[in-house]
Amino acid sequence: MTCREARDRLSDYLDEGLNATLRRELEQHLDRCAACREEHRLLAATRQLLKTYGAVACPVDFTHLASRMPDRSAARGFSPGFRRPLMVAAAVLALAVGSWQWLRPALEPSRPDGVARQAPRVPFVSGRDVAEVEDLHRSFVVQQAVGTRGGLVLFAPEWVRDGGR
Amino acid sequence: MTEWRRLLPGVLAPALLLLAAGAGRADPIGLLRAAEDADRRLSYTGIQTLQAVRGRECTRRRVRVSHLRPDRTRIDYLTPAGGDVLLECGQRRWFYSQRRGSWWPIEWRSPRSYFPLMLQNYHVRHDGEDTLIGRRVIRLAITPRHPGNPSKKVWIDPGIKMVLREEFRDSRGRLIAASAFEQFELARRLSADMFEQPAASAEAPGPAPPPFTPLLPRYVPPGYQVVRREGLRRGRREGVYLRYTDGLGTISLFQFRTSPSSGPSDPSGRRDGKRGHGRFRSSGDHRPPSRQIGDLRCTAMGDVAEDELRKMLDSLPTMRTTENRP
């Protein structure tokens, strides 16, 4: 796993949203890469900090707005040496807020037979996206063996545990 | 004549009894077909255990099933994850994760029935009678016409024509999957609240179309035919998944596009050759047969002998690159 791939997956990792293989690969990478380990520590700390402030609403067009922000490289009032860490911190904070809001499950039924009435966004689980190809074959086998529902009963918890988001 | 009249009941009664006994077991195919349709006819509740085995690994679920005919089912997981719920409403399905505290729409497309195909390739015969959870059941054996394919046993309550137990075994007789009801009763009334659909705005998308035209093998083991093809994505790589069945047995053929830089890789998307994390990951170092054809990595898995899978792969046409193909 490269540093870029590792950093792309840090948010998922913190949300326990990676499947076992990716989790293991990422942890191995973190073991040997000090820079990514630091990135992980920083992201985890930022998220921990955010939790203490409660939920922060993230505008749906946040990315769009961010991309239209004018270039502030010539901003006055900050020395270059001071500006860079601040920008990194702001970027990490923005990433954390965005990831947090994006990944947080939107539906939270209070009881098994009760169903949330408001559903701004529902996480999606697809066996195709989550299971390894061998599991796909096994699900096909089991589906033939004990019926469609039987296969689903056996596999659905794995899908959600390994990759549901 | 008087003599004949006196003997008639004595002759007829055993004959009728034999006929009646035979009638109960005369049509195993009809009984199996009716059992396939049980969910449309019956509402019921029960506790069911399901398991899937591979090598030394066994996945087992114990669930409470509540079914409201024709197409609503609620599955409450009892073990290993109590509190989880699976909900089926027609063709839509959701999973409630107790740990995550949320509902998830799940893509799971019901296959069409392969019953006619199964009859072409398997024998269905009466195999005896048993008593299960206090019910008299008929045991049917489904055995392959072509060697090397799996077999199945099914226990059906002939009164309500409902499967109460089934076992699926490979050609060596090893258990692959099984299900059995520990408790079962017909339900006169089930609350509709139990099956209330989550207010999910997001729909699970259907299967992706193949990103390129897959290679089709010229050889397919006897009785098998392709029943499904769909697109796959493993990380940044795309591929096609072809499913073959003979009605009961299965063959999966994966074709992944490999870039020149990535080189041949295994279908789990790992270049180090390690197997995926799959719950049903095979034990040991055994790897399914693969072939590199042009820029496609083709891998076959299935219930048939490995020689058959290799023969299938060897029959794939050589090809030009898939890069610019539809």
Side-chain angles (χ1 to χ4, degrees), chain A residues 5 16-17 19-25 104-129 131-162 164-165, chain B residues 50 52 54 59 61 63 73 75 77 81 83-86 88 93 95-97 100-108 110-111 152 166 168 176-179 193-194 196-202 204 207-208 232 234 241 243 245 248 250 252 254 267-268 275-282 301 303:
Chain A
E5 287 170 339
E16 299 178 24
N19 65 39
T21 304
L22 287 174
R23 190 169 61 243
R24 195 165 53 247
E25 286 180 5
R104 197 161 55 106
L107 270 179
E108 294 181 357
S110 55
R111 56 197 187 283
D113 61 338
V115 170
R117 300 289 171 189
Q118 299 298 321
R121 189 164 53 81
V122 178
F124 167 63
V125 173
S126 161
R128 187 178 61 249
D129 294 335
E132 298 291 341
V133 290
E134 199 171 44
D135 282 352
L136 281 176
H137 174 63
R138 296 307 301 170
S139 74
F140 182 27
V141 174
V142 171
Q143 179 177 298
Q144 288 293 97
V146 290
T148 299
R149 188 186 303 138
L152 188 57
V153 169
L154 280 160
F155 282 90
E158 294 298 319
W159 291 351
V160 171
R161 193 199 66 186
D162 282 352
R165 182 174 310 121
Chain B
L50 298 108
R54 182 160 201 195
T59 295
R61 315 276 184 215
V63 297
T73 310
I75 308 282
Y77 286 80
D84 290 352
V85 181
L86 181 66
E88 285 187 314
R93 295 167 173 89
F95 185 85
Y96 176 79
S97 167
R100 291 172 179 261
S102 56
W103 288 93
W104 312 77
I106 289 186
E107 177 206 338
W108 185 280
S110 293
K152 188 171 179 177
E166 53 192 330
F168 187 78
I176 297 173
S179 76
D193 292 346
M194 292 176 67
E196 191 177 0
Q197 299 183 29
S201 58
L232 274 181
R234 312 301 309 160
Y241 177 21
R243 292 183 177 196
T245 185
L248 203 57
T250 57
S252 294
F254 297 96
S268 64
R275 305 299 295 277
H277 76 287
R279 185 68 178 176
F280 296 95
R281 181 183 56 206
S282 58
M301 304 174 193
D303 295 323

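Here the structure is a predicted model, which is why all the values come from computation and not from measurement. Order of the sequence lines fixes the chain letters, A, B, ..., with proteins taken first and strands second; residue numbering starts at 1 for each chain.
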* Check whether any side-chain heavy atom of A:Val142 lies under 4.5 Å from a side-chain heavy atom of B:Phe168, and answer yes or no. => no
* **Toward chain A, the part of B:Leu248 with a non-hydrogen atom under 4.5 Å** =>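 Both parts, heavy atoms under 4.5 Å.
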* Which atom of B:Leu50 lies closest to which atom of A:Gly150, heavy atoms considered ->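 So the minimum-distance heavy-atom pair works out to CD2-CA, 3.5 Å.
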* Asked: Of all residues at least two apart in sequence or in a different chain, which pass the side-chain hydrogen bond (donor to acceptor under 3.5 Å, both in side chains) check with B:Thr250?
  ->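 By the side-chain hydrogen bond (donor to acceptor under 3.5 Å, both in side chains) rule, B:Thr250 matches B:Asp303.
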